[in-house]
Amino acid sequence: MSPEEIKKDFPLLQNRKEVYLDSGATTQKPIQVIEAVDEYYRKYNANPHRGAYSLSIEATQAYEDTRIKIAKFINARYSEEIIFSKNATESLNLVAYSYGMDNLEAGDEVVISIMEHHANLVPWQHVSKTKGATLKYMYMNDEYELTDEEIESKITDKTKVVGITHISNVLGTINNVKKIINYAHKKGAIVILDASQSIPHTKIDVQDLDADFLAFSGHKLLAPFGIGVLYGKREILNKMNPFLMGGDMIEYVYEQNTTFAPLPNKFEAGTQNVGGVIGLGAAIDYIEKIGYDTIQKIENEVTSYAIEKMSKLDFLDIYITPNKKNHSAVISFNIKGVHPHDVASILDANGVCVRSGNHCAQPLLRFMGIDSTCRASFYFYNTKEDADKLVEALKKAYEMFKKYM
Amino acid sequence: MDELNDLYTDLIMEHSMNSCNKRELECCDYCKMGHNPNCGDEIKLELKMDGDIIDDLAFSGHGCAISQASTSIMIDTLRGKNIHEARKIIETFIGMIKREITDEAELKKLEDAIAFRNVSHMPARVKCALLAWHTIEDMLNERMEGNSDGK
């Protein structure tokens, strides 16, 4: 399949003229997902786990079937290892609070990378401060990569928790997470993998990776907003206290005491986003129909093409690793001497959507010695023509500023 | 693109790239940082008063063309004004950007700062244009309230 054919499945890309290069922030949705959500609300919406009537049972069934689908999708051993959340941020907070607060002690170390999104950074900062643990960073080298030496020098016998992003949302660097997980386990630490930027692009196998926890957002994976996933190993989740308390996560509630429901309900307090779950299920069906091989083939082709064209623009600084095999579909860049916010506005006026700013990664940008970047992020519905339009718009932006430099 | 060309005018570009107001004052009475964490923009405003008159203003820091030019043009507009005139102009500028003030006669008092009028149609750039104006507004308020010890 070609990206031109795939584009036809995405109504927004048909309805709008813009070139959409912000899939790292959120993806557009295929008609199959939109229709699945629409059908759910038209035909079988009810509060799950509650009604004894067949409509509610149907909604519950669809909700639980999707849990099984997701477990298979990421090769989890048990479906109760899949916890639904609002987004990756909530999933990561769940681990920080329910695992970190109870298991970290003064003197322990939490190790994360400098590439983390604030969602996998600020919660660990908070928990570390509260518990008196030390928060340490694995820094990248000049090629925007974490070396084995850096990993082995930062993860020590004192390390109890390691948080790592699979793919950097700013740099597109694919981290060697197998190495990190393996090494952390040797040192007796558990590992939380932020797969928000990887699962849209690459097959995730939690058993092969041996991650203890893994988080992602549905909306970056063709699904609607408001639905996210936390995977956790059953034996660890079973020992953890609940994160949010309320309806549906309980067994018996007395005036002064409560016993909690078993997994996965223990971590799913309150009425859940069934429509979002249905949408996520349809998104996974769509990904599997296209296939990760095709997705990667298209992305690699378009991203390489864009990098090649952009590398010829000598007015650009591009922040990507030179090792192609370690780079995903994200290109951060700046026009030398021009603020990225201005560049993004001018690209927008030329019909190209890119993000500008610090991309929720302030410590990373500070480490790089810059304030912000523009970021073009590609997905399998982007064509070489999209990349050409980006390059043309960049030339125009540069022309606009050149005469005042 | 037209709307953008109306915004990135020669006046704004000149002020953003080569501002003579981007410097440090030899001595100042008030100094305040302004920032937009989402953009990473940061400016430092320095203010020197002569009684009730704004004797001089200068800025340093970094930001997009809109925020840098807005800061520089604001300084040109407010220099030499007394504190009451200045506060009125600040109020008018913020009102213009928020589309609360559209009266031509009123807007004329903004002098060159009227160049940012089009920002009112660009929600993504409103914060950029207002950064310096909110910062000076706070500085003058602090002076009026007399709860600032100077620096």
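The chains referred to below are lettered A, B, ... by the order of the sequence lines, with proteins before strands, and numbering in each begins at 1.
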Heavy-atom pair with the smallest gap, counting every atom of A:Ile318 and A:Ser311: CD1-N, 3.9 Å
What do the steps show when you test A:Tyr20 against A:Tyr379 for ring pair (Phe, Tyr, Trp, His ring centres under 6.0 Å), and what is the final call? CA-CA 9 Å; A:Tyr20 187 73; A:Tyr379 208 19; 10.0 Å; no
Heavy atom to heavy atom, less than 4.5 Å: which residues from residues 119-130 of chain B reach chain A? B:Ala124, B:Arg125, B:Cys128
A:Lys136 atom NZ, over 12 foreign heavy atoms within 6.0 Å: yes
Between B:Asp41 and chain A, which part of the residue has a heavy atom less than 4.5 Å away: side chain, backbone, both or neither? side chain
Under the side chain to side chain donor-acceptor pair (under 3.5 Å) test, which residues partner B:Arg99, sequence neighbours left out? none
Quick check for you: among A:Asp371, A:Val338, A:Asp348, which has the greatest number of heavy-atom pairs under 4.5 Å with chain B? A:Asp371
Short N-O contact, B:Lys88 and B:Glu106, less than 4.0 angstrom: yes
Who among B:Asp10, B:Asn18, B:Asn36 has the most heavy-atom pairs with chain A under 4.5 Å? B:Asp10
Could you pull out the closest heavy-atom pair between A:Tyr319 and A:Ile370, with the gap in Å? CZ-CD1, 3.8 Å
Greatest number of non-hydrogen atom pairs under 4.5 angstrom with chain A, of B:Ser67, B:Ser16, B:Pro37, falls to B:Pro37
Only counting residues at least two apart or in another chain, list the ones meeting side-chain contact (heavy atoms from CB on, under 4.5 Å) with B:Leu11. B:Thr9, B:His15, B:Ile73, B:Asp112, B:Ala115
What pairs meet the ring-ring contact (aromatic ring centres under 6.0 Å, His included) rule with one or both residues in residues 333-373 of chain A, with sequence neighbours excluded? A:Tyr139-A:Phe367
